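Quick caveat, the model's predicted, so the values are computed rather than measured. Below, chains carry the letters A, B, ... as their sequence lines are ordered, and counting in each starts from 1.
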Amino acid sequence: MKFWPSIGRLRWGWFLLGAAVMLLWPVFFDTHTPTILLVWALFALSLGLMWGYAGLLSFGHTAYFGLGAYVYAISVVNIGESTVPLLLAILIPAIVAAIIGAMMFYGRISDVYMGVITLVVSLILFKFMSATAGDQYAIGDARLGGFNGIPGFAVLNVPGLPDVSLFGVPMYYVAAVALLGCYLISRWLLARSFGRVLVGIRENEARCELLGYSVPAYKTAIFSISAAMAGLAGCLFANWAEIVTPSVFSLRSAAEVIIWVIVGGLGTLVGPILGAIVLGMLKLLLSEQTVIDNSLILGFILVVVVLAIPRGVVPALQGWFGKRTRIRTQRAVHVRARRRVAAPAPGRTS
Amino acid sequence: MDYAAVVILEILYMISFIALVSAGLAVVFGMMRVINLAHGEFVMLGGYTTLACQRAGIDLWFSMLVIAPIVVGLVGLIVERLVIRFLYGRMIDTMLATWGLSLLLIGIVTLIFGSSAVNVPTPIPGYQLGAYQMGGYNLFIIGVTIALYIGMWLVLRYTRLGLIARGAMQNADIASALGYNPRTVYMVTFTIGAALSGFAGGVLAPLTGLLPASGGGYIAESFIAVITGGAGAVISGTLASSVLFGTISQVVSFASGPVLGDIVMLALAIVLLRLMPTGISGRFFRNSQ
């Protein structure tokens, strides 16, 4: 029996290396920027899980990210202690996504209409939140504040100890643990029959339906799980920025997360994480200068990636390395077959 | 009485606004099944072209009615040759690439014109309707939209170009078997669609003001109008959904403020898409264009 339980295609060596780098980082470097990069990575992971494995592209995934941020801000102003708001920030986006998802998937809406509907949902939230400037728009003690958003709410604290706030390095660790945890959950989900059915749906929906799986139920479930992760990311974002504004719902942020995922790679979990970290870093660097507009670079990257490497960078690299290893295995099979002389080894057909 | 006239004019204006900004998208989606997420930016480019021409001293009417569609049509042609033509049949990839394009165009316009809001002067003065001051330019928009749709209908119904377009729309394979290369038809269609968007942008520029990001403001309305209108009917479907959404949005706006009007309109669009996934035209007018 192995020491580490095997979770699907999880490679414990790489995972532990990544975790060690993430956990040791604050010993040597500043954590302010890495925190937000990890939060964006979690957001990208949530979309990558749904898009890359179930083949469902939500054009307005930022709706659930923003909902998480707003729900956290509103409830922490009302409650004061941050444990319940954190849970609500995960739960409410999941419920909203389950309702919208059920409406779309049980209605057998095609993927293009799904793109339009998810986009419209985030536009509705953007317009609504931008228009809530007056005093009459308040939930409990929290004024929604229109375009200026909700500033100055309490950040996360240690559960049960409202006076011990988590900011700076502890906040970084919260983000790191959230990312690693969600990564493990995703890997685990994908290794179970649930994940296998999702991939099956992506590959051939009719066949899965005929095998007796309820395709709408599976799609709704993964949409809701993905929205929960996005909500968690949004909650952490609110804690990092210490303000939430309607810009979390904007078209621009909806596009950004899609770009991170598609550049990183579809059908992998590491791809979206790396895509978010690298492109998030690029975005932060670009916003320090004013010569070239940020959207120009982002848009250019998206167009080039869709045209040249539509599956993303990580799968393209994997394909390249995979081809080399496959050639090596074929050669080995060939050698073994010659040694046996009598019967050729049953090579894997692909 | 005056108030009723004001409400009716506002409703007509909203319907025209939606129909005008949707026309280009409707042509592209209806004929090519391509969802162009850079549509809002084409409209925005039309506005900026008008602004640039007006600053250069060219007559405002000429620049919005003639130069804006031509310039944006050329941009559309370049985009089709460089990007869209590689992606036919891959709808989601097209949506992604055109979204990238929209960001790219916003970036380029920001580089050239800066990111602050600019205005084009309104060429028609307002007028008095009873106790209310009305914008005379709104009437012009209503007239232009009616003329545009009548023109589109005449072209589709009575010209050879329209015949080829309708044929390609109904059955691209047969059109190509009869000797009309679908690639050429698509290229021309995309160019015309872009020109229509540029026209809308030019005409609307004096009313709305211009920002590099203002394309995002058109995209929601035009999308829901075209998609709920349905793919099979460029004119009737788009007009039907423009009337529906324009009326609802303005009625709700008059009752309880403009933001709620927008939100109710978008929420209604989601419900309609759920109920009629083939669009209004797929359900009610099966054999129209």
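For a heavy-atom cut-off of 4.5 Å, chain B lies close to A:Leu57, A:Phe59 in residues 54-61 of chain A. At a heavy-atom cut-off of under 4.5 Å, chain B is reached by A:Ala255, A:Ile258, A:Ile259, A:Ile262 from residues 255-263 of chain A, listed in order of number.
A:Phe300 CZ: 12 or fewer foreign heavy atoms inside a 6.0 Å radius. For CZ of B:Arg85, the number of neighbouring non-hydrogen atoms (other residues, nucleotides, ligands) closer than 6.0 Å is greater than 12. Other residues, nucleotides and ligands place more than 12 heavy atoms under 6.0 Å from the CZ atom of B:Arg81.
At least one side-chain heavy atom of B:Ile227 sits under 4.5 Å from a side-chain heavy atom of A:Tyr113. With a 4.5 Å cut-off on side-chain heavy atoms, A:Leu298 and B:Leu104 do not count as touching. Looking only at side-chain heavy atoms (C-beta outward), A:Leu251 and B:Trp99 come within less than 4.5 Å of each other. In this structure, A:Met103 and B:Val271 have side chains that are not in contact, with every pair of non-hydrogen atoms separated by 4.5 Å or more.
Both the backbone and the side chain of B:Leu266 come within contact range of chain A, with heavy atoms under 4.5 Å apart. Contact of B:Ile35 with chain A is made through the side chain alone, with heavy-atom distances under 4.5 Å. Proximity to chain B (any heavy atom under 4.5 Å) is shown, for A:Ile100, by neither the backbone nor the side chain.
Ranking A:Leu123, A:Leu119, A:Ile124 against chain B, the residue ahead of the rest is A:Ile124, based on heavy-atom pairs under 4.5 Å. Of all the listed residues (B:Leu103, B:Leu105, B:Thr94), the one sharing the greatest number of non-hydrogen pairs under 4.5 Å with chain A is B:Leu103. Counting heavy-atom pairs closer than 4.5 Å to chain A, the top-ranked of the candidates B:Thr110, B:Ile106, B:Leu101, B:Leu96 is B:Leu96.
In plain terms, the two heavy atoms of A:Val306 and B:Ala97 that are nearest each other are CG1-CB, 4.0 Å.
In this structure, CD1 in B:Ile224 is found 11.5 Å from CD1 in A:Ile117, a value given to the nearest 0.5 Å.
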